[in-house]
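All heavy atoms count here, side chains included; hydrogens, waters and symmetry mates do not.
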Amino acid sequence: MLLAVGIFLATLVLVIWQPRGLGIGWSALGGAAVALGAGVVHVSDIPVVWDIVWNATLTFVAVIIICSILDEAGFFEWAALHVARWARGSGSALFNLIVVLGAAVAALFANDGAALVMTPIVFQMILALRFTPAVAFGLVVATGFIADTTSLPFVVSNLVNIVIADFFGIGFARYALVMVPVALVSLVASLVVLRLFFRTSIPGRYDVTALRRPAEAVADPTTFRAGAVILVVLLVGYFAADAIGVPVALVASLCAVVLALVAARRPRVLFGRRGGEVRPAAADGELVAATVNGAGRPAPGSAPARGAGATPAAGTVATAEPTIAVWSVVRSAPWQVVLFSLGMYLVVYGLRNEGLTDHLGVLLGGIAEHGGLATATGTGFLVAVMSSVMNNMPTTLIAALGIEAAGTSGLTEQMMAYAAVIGADLGPKITPIGSLATLLWLSVLDRKGMHIGWGTYFKVGIVLTVPVLAVTLLALAGWLTVLGA
């Protein structure tokens, strides 16, 4: 038993520390190899664990590829600039709308996609509007916080959601029926808590003309329009696939392939002749395709200047040539997560083989004896604390195995499963090591000159997370009791 715990802790330290840039996948696979060699897990456990993780990880990678291609096409900056204009110069309204936009992105593109895509865009907006450091800190933290607290509504909104749903056989439609209302409660609670915490640093009035027109953010109109269609197909496809028993990974992967082909202009015959055709400039509310460089972003001097007095381009260039480096996007996708999930979950399975998850089952079974409210709050807070201390990915499987060991069924088992999702989604916001996405988010901020120390993060994270977690778990207990098993 001590050997299994030691291997687990050593692997976890390597995953979080990442010495000399060692990939999380290689660290996890190394831990799995040691566990296999030590006899903590067996070769027969590998297909069992792969069956648990394959759908979740492949879906996650496909969604991130879709998200990255849309980001290169300018989709999210276009949306953020529209949001900034809808606020009509009101900093308070801008704060609210950025939070809502972040929640929408998290719901469709997972928490990692929301945090890593929205943060640079919000950062650019902060620089353009010349907000103070206090205002910038509030907006950036709100963007990162909301990405996790609202990653509840769909199975695909968070990697751990898929793991739990697959483990307990929860379909996409049933999951959405339960969690969409709960996610809306979490959104409202998050917004209230964020506004209270940052009440002295919410921006006042700002000059909308300091920002670009939304249309100027669109680097690839063809991919932009295709992406809008793909999003509709993706969401409808999830529900349709659930009805016929097709894994969500297949739907997400097909949509990712189609969008990648459009961005790469393949096959050529579908995208007309080579070269460009000059078209009249669009009106402010229409798409404008500025001349772009090879990286898929506006080339220097091709877009109108920012700020007051900016004038629209006289014409725009629509081209059949690709403007997004699609292969680069695909290569930079989080493929390491696939290796990490398999390796780390094999290590966790070693804890199960040694009987440690049975002890968690006894604890959860005792909590369940006190009714639905105690089951939801007890399970949720327990999983949240575990996630904040030892990362939410291994915690998710430990929690699932513990719930299975508790021997519950029906509504009680469902209450535990959904509460585990909430705990694993929100709990990581308490500490920087709670999720790999948070560590990456902090490193992105560091590169942009905004350093948030671990102590500062913890002091902010625990104050923001605990009340939102409590309200969300109460909403789950009430709503799921109404719905029934």
Checking [X] now: which residues fulfil ring-ring contact (aromatic ring centres under 6.0 Å, His included) with it, not counting sequence neighbours?
| X | result |
| --- | --- |
| Tyr457 | none |
| Tyr175 | Tyr418 |
| Phe109 | Phe76 |
| Phe154 | Phe172 |

[X] versus [Y]: any side-chain heavy-atom pair under 4.5 Å?
| X | Y | answer |
| --- | --- | --- |
| Leu356 | Leu360 | no |
| Phe168 | Ile403 | yes |
| Ile422 | Val383 | no |
| Met118 | Ile146 | no |
| Val389 | Thr395 | no |
| Ile433 | Asn391 | no |
| Pro153 | Met179 | no |
| Met125 | Glu77 | no |

Just by modelled atom types, is the [Y] backbone N or O under 3.5 Å from a matching donor or acceptor in the [X] side chain?
| X | Y | answer |
| --- | --- | --- |
| Thr412 | Thr408 | no |
| Ser157 | Ala107 | yes |
| Ser341 | Val338 | no |
| Tyr238 | Ala252 | no |
| Trp479 | Leu177 | yes |
| Trp335 | Val330 | yes |
| Ser388 | Val385 | yes |
| Gln336 | Gly25 | yes |

Answer with yes or no whether the side chains of [Y] and [X] bring together a donor and an acceptor at under 3.5 Å.
| X | Y | value |
| --- | --- | --- |
| Gln414 | Arg174 | yes |
| Asp425 | Asn111 | no |
| Ser186 | Thr150 | no |
| Ser151 | Asn158 | yes |

### Task
Step through the shown structure and confirm whether more than 12 heavy atoms of other residues, nucleotides or ligands are within 6.0 Å of CH2 on Trp50.
yes
### Query
Are more than 12 heavy atoms from other residues, nucleotides or ligands located less than 6.0 Å from atom CH2 of Trp26?
no
Inter-residue atom distance [X].[atom1] - [Y].[atom2], 0.5 Å rounding:
| X | Y | atom1 | atom2 | value |
| --- | --- | --- | --- | --- |
| Asn353 | Asp45 | CG | CG | 5.0 Å |
| Asn392 | Leu397 | CG | CG | 12.5 Å |
| Gln124 | Thr119 | CD | OG1 | 11.5 Å |
| Ile324 | Leu70 | CD1 | CG | 8.0 Å |

### Query
Going through the distances and angles, do Asp220 and Arg265 end up as a salt bridge (Lys or Arg N to Asp or Glu O under 4.0 Å)?
CA-CA 11 Å; Asp220 185 340; Arg265 304 297 193 268; 2.9 Å; yes
### Query
Among all residues two or more places apart in sequence or in another chain, which pass the side chain to side chain donor-acceptor pair (under 3.5 Å) test with Thr59?
none
### Message
Tell me every residue that passes side chain to side chain donor-acceptor pair (under 3.5 Å) with Thr379, counting only those two or more places apart in sequence or in another chain.
### Response
none
### Message
Under the side-chain contact (heavy atoms from CB on, under 4.5 Å) test against Asp148, which residue among Val468, Thr438, Leu426 passes?
### Response
Thr438
### Query
In terms of the angle between their ring planes, are Trp78 and Phe75 parallel, tilted or perpendicular, with boundaries placed at 30° and 60°?
tilted
### Query
Between Ala142 and Phe95, what is the shortest heavy-atom contact and its length?
CB-CZ, 4.0 Å
### Task
Determine the sole option in Thr149, Thr472, Thr465 for which the side chain to side chain donor-acceptor pair (under 3.5 Å) test with Ser190 is passed.
Thr149
